[in-house]
Amino acid sequence: MRKPCCDKEGTNKGAWSKQEDQKLIDYIHLHGEGCWRSLPKAAGLHRCGKSCRLRWINYLRPDIKRGNFAPDEEDLIIKLHALLGNRWSLIAGRLPGRTDNEVKNYWNSHIRRKLINMGIDPNNHKLYQTSPLPHAASSSSRLNLDLTIAFPAHYSSSPTFTLAQEDDDNNNNNPKPTSENMDESNPTLLLFQ
DNA sequence: AACCCTCGCAACCGCCAGTAC
DNA sequence: GGTACTGGCGGTTGCGAGGGT
C-alpha cells in the first residue's frame with residue numbers, strides 16, 4: 001500500500017492564511033524550492049507538502065501574471081488545446097506567467113462555454129454535427145468552415161500551421177503529444193514560439 | 001432584506017512517471 | 001527487476017462573491 005503523502009492528522013486544510021503564506025515565502029527565499037515533503041516541518045507549517053508546492057506554484061511565485069487573459073493569450077490557449085488536449089502544464093508553459101491551474105480554470109469557465117456557444121465541440125474543436133444551441137449554426141458561420149478543426153479565421157491563413165495529428169473518428173478527442181510532436185524542433189509547435 | 005442560484009477560483013485528491021535504493 | 005518514495009499532473013470539489021428574484 002502506498003503511504004499517504006503526508007500525515008493527515010494535524011495538518012491544516014482549506015484557504016491559506018497570510019501568516020502561512022509568509023512562512024512559505026520566507027522559507028523558499030532562504031532555501032529555494034524543492035524537497036516539498038520535508039518543507040512544511042522545516043518551515044513550521046502544518047500543511048501537506050503537496051499543498052505547499054501548489055500554493056507556491058499557483059499563487060505565491062513572484063513571476064506569476066495575474067488578472068484577465070488577453071485576447072491573444074486566449075487564442076493561443078485554444079490553438080494549443082486543439083494540438084495538445086488537456087495538457088494544461090504544457091499549454092501554460094507557452095504562456096509566460098500563467099499557471100496550469102489558471103489556464104485550466106480559464107478554459108473550463110470561459111473558453112469552453114464560448115466554444116459551445118459558437119457550435120464548436122471544445123473536446124475536439126470540431127463543429128457539432130447537430131448544433132446544441134439554436135443560434136450555434138449562425139455563429140459558426142463566422143468561422144472558416146473549410147477547416148476540419150474550427151480555429152478562428154485569422155489562424156487559417158497561416159502557411160506554417162499544421163495539425164499535430166488527425167482525429168481518427170470519435171475515439172481520440174484529446175490527442176496526446178508524442179515525443180516527436182513535443183520536440184522543440186517540431187515546426188508545429190515552433191509556430192507558437 | 002432574505003433567499004437562491006450561478007460563476008470563478010483556490011485547493012484537494014488520486015494517479016502516474018521518474019528515480020533511488 | 002522490484003519496491004518505495006517523491007514530484008508533477010489533471011480532474012474534481014468546495015466556498016465565497018455577486019447577481020437575480
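Below, read A as the first sequence line, B as the second, and so on, with proteins coming before strands; counting in each chain starts at 1.
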Got a list of side-chain donor-acceptor pairs under 3.5 Å for residues 96-105 of chain A, not counting sequence neighbours?
from, atom 1, to, atom 2, distance (Å)
A/Arg98, NE, A/Glu73, OE2, 3.1
A/Arg98, NH1, A/Lys65, O, 3.0
A/Arg98, NH1, A/Gly67, O, 3.1
A/Arg98, NH1, A/Glu102, OE2, 3.1
A/Arg98, NH2, A/Asn68, O, 2.9
A/Arg98, NH2, A/Glu73, OE1, 3.0
A/Thr99, OG1, A/Glu102, N, 3.1
A/Asn105, ND2, A/Asn101, O, 3.3

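- B/dA1 is unpaired under the criterion used here, namely a Watson-Crick or G-U wobble arrangement in which both key atom distances are under 3.5 Å.
- When the side-chain nitrogen and oxygen atoms of A/Arg113 are compared with OP1 and OP2 of B/dT6, none of them lie within a distance under 4.0 Å.
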Worked verdict on A/Arg61 versus A/Ile57 for side chain to side chain contact (heavy atoms under 4.5 Å, CB included):
CA-CA 6 Å; A/Arg61 239 174 34 189; A/Ile57 298 285; 4.0 Å; yes

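- Contact annotation for A/Tyr59: backbone-only contact, meaning every heavy-atom pair under 4.0 Å involves sugar-phosphate atoms and none involves a base.
- Rounding to whole angstrom units, CZ of residue A/Arg112 and C1' of B/dC9 are separated by 17 Å.
- Note: A/His81 and A/His125 have tilted aromatic rings, judged against thresholds of 30 and 60 degrees for the angle between ring planes.
- Partners of A/Tyr106 under the ring pair (Phe, Tyr, Trp, His ring centres under 6.0 Å) rule, at least two apart in sequence or in another chain, are A/Phe69, A/His110.
- Distances shorter than 4.0 Å separate some side-chain N or O of A/Arg53 from OP1 or OP2 on C/dG8.
- Atom CH2 in A/Trp16 sits about 17 Å away from atom C1' in B/dC9, given to the nearest Å.
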Before you tell me yes or no, could you show the steps for A/Arg112 and A/Asn123 under side chain to side chain contact (heavy atoms under 4.5 Å, CB included), namely the whole-Å CA-CA distance, both residues' side-chain angles and the distance that decides it to 0.1 Å?
CA-CA 9 Å; A/Arg112 194 179 148 81; A/Asn123 293 320; 3.8 Å; yes

Quick one: do A/Ile25 and A/Trp56 satisfy side chain to side chain contact (heavy atoms under 4.5 Å, CB included)? Show the steps, please.
CA-CA 8 Å; A/Ile25 291 168; A/Trp56 174 255; 4.2 Å; yes

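- Contact check, A/Lys13 against B/dC13: a side-chain N or O comes under 4.0 Å of OP1 or OP2.
- Residue A/Asn58 is out of contact with every strand shown, counting any heavy-atom pair closer than 4.0 Å.
- OP1 or OP2 of B/dA11 lies within a sub-4.0 Å distance of a side-chain N or O belonging to A/Arg55.
- Atom CG in A/Asp100 sits roughly 17 Å away from atom P in C/dG7 (whole-Å rounding).
- Scanning atom types as modelled, one donor and one acceptor separated by under 3.5 angstrom connect the side chain of A/Lys50 and the base of C/dG8.
- Within the 4.0 Å cut-off from OP1 or OP2 of B/dC12, at least one side-chain nitrogen or oxygen of A/Ser51 is found.
- A/Ser89 has no side-chain polar atom (N or O) that falls below the 4.0 Å cut-off from OP1 or OP2 of C/dG8.
- Protein atom CG of A/Leu54 is 9 Å distant from nucleotide atom C1' of B/dA10, rounded to whole Å.
- Taking atom NZ on A/Lys104 and atom P on B/dC9, their separation rounds to 14 Å, with Å as the unit.
- Taking atom CG of residue A/Asn68 and atom C1' of nucleotide B/dG8, one finds them 12 Å apart after rounding to whole Å.
- The side chain of A/Arg47 places no N or O atom within less than 4.0 Å of a non-bridging phosphate oxygen (OP1 or OP2) of B/dA11.
- The phosphate of C/dG11 has OP1 or OP2 within less than 4.0 Å of a side-chain N or O from A/Asn86.
- Between A/Asn101 atom CG and B/dG8 atom C1' the separation is 12 Å, expressed in whole Å.
- What separates CG of A/Asn108 from C1' of B/dC9 is a distance of 11 Å, to the nearest Å.
- An OP1 or OP2 oxygen of C/dG8 is reached within less than 4.0 angstrom by no side-chain nitrogen or oxygen of A/Trp88.
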